[in-house]
Amino acid sequence: MSPMNDRPWMSDDDARGGRGGASRWFSRVFENPENPLGWSLKLFTVGGITVRLHLLMVVYIVVKLLWSIPEGNAGLMWTAIAMGILFLIVLLHEFGHCYACRLVGGEADRIVMLPWGGLALCRPPHDWRSNFITTFGGPAVNLILIPVTMGLLALCGLQHHIAFNPFNPWATLSDPDFNAASTAISTAKVALWWFHYINLVILAFNLLLVFVPFDGGRMFQELIWKFTDYRRSMSIAIPIGFAGASLIVIFGLVSDRSTLVTVGAFGLLACWMERRRLRGEFDLGDPSYAPGSGTYIAVPVEGDEYTRLARKQAKAREQAAKEQAEIDRILAKIADEGGMGSLSRRERKFLEAATKKKRGE
């Protein structure tokens, strides 16, 4: 018999000082204790959408803030303001994806903030229009913010700074207009313009880069999907994505812009992952088959949610096995009895539905 736990607020594993209690605590706080790539902290929940902060993002924030302190760098205050603005805009962008997904009847319940952006877990219906609206929901938020920041800049007398050189923002910020008032007002003006600038940069990156995981790449694939089936649209979009990401890497190397090299390399990795997913997704007997499930990257799950997912996949495997057995029986009947004319109406409908499912239609 196991010893009774004389501390009722602790589990038996915790009371024994075992690893199980520590593992469960770690799972509750960070999630995915067995997978460091999934470690994240819960920040808050809004409208059923949980926002989590990946531990890599925590490390990135700390490093950026420490790096800003030495003389000659941006400074702790300005770095904190810039990172806060970036975080807010990316978060609003991801909420745009989530609410657009819900608008078309899909499900969206999680956002994870990472050093290279945000990831929204969205499951829209499997059709090009629903996926396109879900994808466009993110950039739509950035588009809505543009007239707001333009109007505020005009009210502050900074209307001639609405247009700027995107490759040299510091030339704009060095203008006397940003330092002609008290320190507090000057700081507010800089923060407002910086919000305007970062919002436009994020919008441009997401729409002009036509490769996953950026929205431009996804909308490009979804527009192709309008005129063909899902699998064909992905087969066209992925090679184009590889070419686009490669050009960004080359341009970044030639122009000595490390950020572009990182973005291009991330795009190449995402395209490679999409290609692998596509190759395995359309096997009729594959229980992981879920049309469109790769539209947004999801965080791995653990605990009770993992158990539910495992049961769901087991049920899907059982159903797929039954369908495959029926397909084999029908094909054998066709071979033995000489053609489609030997099939009943139900058998023909079943075979037609299975064919469409395999094609991703």
Side-chain angles (χ1 to χ4, degrees), residues 25-70 73-99 101 108-122 137-139 141-142 145 191 194-195 197-206 209 212-215 218 252 257-270 273 295-303 305:
W25 174 85
F26 197 88
S27 177
R28 286 196 301 270
V29 176
F30 297 110
E31 288 199 325
N32 307 304
E34 305 301 326
N35 179 17
L37 294 178
W39 292 354
S40 59
L41 294 164
K42 180 179 178 180
L43 295 182
F44 53 85
T45 299
V46 176
I49 301 173
T50 300
V51 178
R52 302 190 68 90
L53 184 68
H54 198 279
L55 288 192
L56 286 177
M57 184 65 170
V58 177
V59 174
Y60 176 76
I61 292 173
V62 172
V63 170
K64 290 290 289 185
L65 291 177
L66 292 176
W67 187 262
S68 69
I69 295 175
N73 291 342
L76 187 61
M77 182 186 73
W78 290 118
T79 301
I81 290 175
M83 295 192 68
I85 291 172
L86 177 62
F87 184 91
L88 176 59
I89 294 175
V90 171
L91 183 60
L92 292 174
H93 179 102
E94 299 305 323
F95 268 111
H97 285 308
C98 292
Y99 283 110
C101 181
D109 53 22
R110 177 174 298 200
I111 295 171
V112 180
M113 301 298 291
L114 292 154
W116 50 86
L119 297 176
L121 175 55
C122 299
V141 172
N142 301 113
L145 289 173
W194 201 243
F195 188 101
Y197 169 79
I198 293 176
N199 181 58
L200 289 176
V201 169
I202 291 176
L203 177 64
F205 262 85
N206 275 283
L209 299 181
V212 293
F214 296 99
D215 296 330
R218 298 202 183 282
R257 297 181 183 275
S258 59
T259 301
L260 292 181
V261 175
T262 303
V263 167
F266 184 49
L268 288 173
L269 176 61
M273 292 175 65
T295 301
Y296 297 91
I297 302 173
V299 177
V301 293
E302 293 288 341
E305 190 176 355

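What you are looking at is a predicted structure, and each value in this text was computed from that prediction instead of being measured. Hydrogens, waters and symmetry mates are skipped; everything else that's a heavy atom, side chains included, is used.
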Has the side chain of N206 got a donor or acceptor atom that lies under 3.5 Å from a matching backbone atom of I202?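 Judged by distance alone, yes, a pair lies under 3.5 Å.
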
Is a side-chain donor or acceptor of H93 paired with a backbone partner of G138 at a separation under 3.5 angstrom?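 Pair found, side chain donor or acceptor close to backbone of G138.
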
Quick check: closest heavy atoms across [X] and [Y], and the distance to 0.1 Å?
X    : Y    : answer
M57  : M113 : CB-O, 3.7 Å
L65  : L76  : O-CD1, 3.6 Å
I198 : A82  : CD1-O, 4.0 Å
N199 : I89  : N-CD1, 3.6 Å
D215 : P139 : OD2-CD, 3.3 Å

Would T50 and D109 satisfy side-chain contact (heavy atoms from CB on, under 4.5 Å), going step by step from the backbone distance to the final call? CA-CA 6 Å; T50 300; D109 53 22; over 6 Å; no

Working for side-chain contact (heavy atoms from CB on, under 4.5 Å), residues V201 and F205: CA-CA 6 Å; V201 169; F205 262 85; 3.7 Å; yes

Considering residues at least two apart in sequence or located in another chain, which fulfil the side chain to side chain contact (heavy atoms under 4.5 Å, CB included) criterion with A204?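 If we apply the side chain to side chain contact (heavy atoms under 4.5 Å, CB included) test to A204, skipping adjacent residues, the hits are L208.
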
For I49, check side chain to side chain contact (heavy atoms under 4.5 Å, CB included) against everything at least two apart and list the hits.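 Side chain to side chain contact (heavy atoms under 4.5 Å, CB included) check on I49 returns F95, C98, Y99, R102, I111.
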
Between [atom1] on residue [X] and [atom2] on residue [Y], distance to nearest 0.5 Å:
X   : Y    : atom1 : atom2 : value
F87 : I61  : CZ    : CD1   : 7.0 Å
W67 : Y60  : CH2   : OH    : 12.5 Å
I81 : L86  : CD1   : CG    : 13.5 Å
H97 : L119 : NE2   : CG    : 10.0 Å
I85 : L88  : CD1   : CG    : 8.5 Å

Give the C-alpha distance, both sets of side-chain angles, the deciding distance and a yes or no for side-chain contact (heavy atoms from CB on, under 4.5 Å) between V46 and V51. CA-CA 8 Å; V46 176; V51 178; 5.8 Å; no

Tell me, please, which residues at least two apart from Y197 pass ring pair (Phe, Tyr, Trp, His ring centres under 6.0 Å).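 Here the qualifying residues are F164, W193, W194.
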
